[in-house]
Structure formats: structure tokens, C-alpha cells
Enquirer: 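Quick one: the structure is below, and I'll ask about it shortly.
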Amino acid sequence: MKNIVWKFGLIAGAITSIAMVVGMKLMVGPDGKFDMEGGQVFGYTSIIVALSLIFFGIRSYRDGELGGNISFGKAFKIGLYITLIASVMYVLTWMIYYHTSDMKEIFGAQYKTHLTESMREKGMSASEITEKIAYEDSFMKMYDSNPIIMFGVTLLEIFPVGLFITLLSSFILRTKNNKS
């Protein structure tokens, strides 16, 4: 089980990590602005594609090691481990990239601009916008200065997706009358 978990977890983590860095470069336009919506679509699409390896990891273990039979619990455990490996790689890549590139300066400022424009489009009042921006500023200070918070928040981008794919894959691949 360890070999399959590590193999599929490392491949999924590498895909998400590479896609994140490449995506960050691709989503900055000639004007230097980051395409927030495009970045989210590209980011979550690449996460879903990479974490589809959870399905193949569970199937590989079921067919190769267990003779075609696997319980939901065993499948879930394999998928969870693959998710954890890929998620930690993704988070560590982001933390390194964020602190070693100009992303720290660019991302915060452009996110604030994007958020302000979005709130104006929704018809929020100036005081509501000011209050929300003040909250976001205090959150970004905490995010920037506390690696545990940064780790946790970034983990929440990828881990729930992996957990969902793990549940779905475990349900699909489980076998009735299993012997595992």
C-alpha cells in the first residue's frame, strides 16, 4: 500500500505544484494584473485533474494487491493518504513560492482591488466596503506573519477537493463481498 500511496500522492502533488507556479505566471497579464477569476478556474481545474489520481491509486491497489476486492474503508484510507501527500506538497510549494517571489506584494494588493471592485458591483455601501477591506487587511497581516495560519488556509484550498474525490472514488471502487 505504501508504494502506491507515495507514487500517486507524489505525482498528484507534483502536478498541482507545477500547475500552481505555471498558472501564477500565466495569469499575470501584460499590465501586471493578476486574473483572479481565470486563476481560480485554472487552479481548481488543475487540482481536480491531479487529484483524479486518487481514483487510479485506489483502483491500482484494489486490482494489483487485493485481487479486485476492496472495502470502502480501505479505499478511503488509501485515498486519504494520497490526498494528504498531494495537499502538503501543494501547500509547501505555495508557501515557498509566496515568500521567494514577488507574489506576496502583488497578490495582496491585487486581491484587495479585486475584492473592492466586486463589492462595488454588488452594490455594497462605502462603509460596508471599508469594513470588509479592514477585515481583509488584518487577515492578510496574520496570514503573512504566521506560517501555521498560512499552511491551514492554503490546505483548505485543496484538501476538501481531495476528500470529496476520495469519498466518491471509494464508493465507486468498493466491492461488495470484499475480503479486505
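All values below were derived from every heavy atom in this structure, side-chain atoms included, with hydrogens, water molecules and symmetry-related copies excluded.
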Enquirer: Using only heavy-atom distances, determine whether the side chains of E157 and Y44 contain a donor-acceptor pair under 3.5 Å.
Expert: no

Enquirer: Is the closest side-chain heavy-atom distance between I82 and L53 below 4.5 Å?
Expert: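 Not touching, per the 4.5 Å side-chain cut-off.
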
Enquirer: Heavy-atom distance under 4.5 Å between the side chains of L84 and F159, does that happen here?
Expert: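 Heavy-atom side-chain distance check passes, below 4.5 Å.
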
Enquirer: Any sub-3.5 Å donor-acceptor pair from R62's side-chain atoms to L173's backbone N or O?
Expert: yes

Enquirer: Kindly say whether F42 contributes a backbone atom to a donor-acceptor pair with the side chain of T45 at under 3.5 angstrom?
Expert: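 No.
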
Enquirer: Taking T93 for its side chain and S17 for its backbone only, find out whether a donor-acceptor pair lies under 3.5 Å.
Expert: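 Looks like no, no N/O pair under 3.5 Å.
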
Enquirer: May I ask you to establish whether R59 and F55 are in a cation-pi arrangement, using a distance under 6.0 Å from NZ or CZ to the six-membered ring centre and at most 45° from the ring axis?
Expert: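 No cation-pi geometry.
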
Enquirer: What is the ring orientation for Y98 with W94, classed by angle as parallel under 30°, tilted 30 to 60°, or perpendicular over 60°?
Expert: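 Judged by the thresholds at 30° and 60°, the geometry between Y98 and W94 is tilted.
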
Enquirer: Verify whether one side chain among T154 and Y143 offers a donor that lies under 3.5 Å from an acceptor in the other.
Expert: yes

Enquirer: May I ask you to test the L163-F76 pair for a side-chain heavy-atom distance under 4.5 Å?
Expert: yes

Enquirer: Donor-acceptor pair, S52 side chain versus V49 backbone, under 3.5 Å?
Expert: yes

Enquirer: So M150 and H99, do their side chains get closer than 4.5 Å, heavy atoms only?
Expert: yes

Enquirer: With sequence neighbours excluded, what pairs up with S118 under the side-chain contact (heavy atoms from CB on, under 4.5 Å) test?
Expert: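 Counting only residues at least two positions away or on another chain, S118 forms a side-chain contact (heavy atoms from CB on, under 4.5 Å) with K122.
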
Enquirer: To check you understand the geometry: which heavy-atom pair defines the closest contact between T83 and G162, and what is its length?
Expert: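 Taking every non-hydrogen atom into account, OG1-O, 3.4 Å.
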
Enquirer: Report yes if some heavy atom in the side chain of S46 is under 4.5 Å from a heavy atom in the side chain of M20; otherwise report no.
Expert: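 Sidechains of M20 and S46: no contact.
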
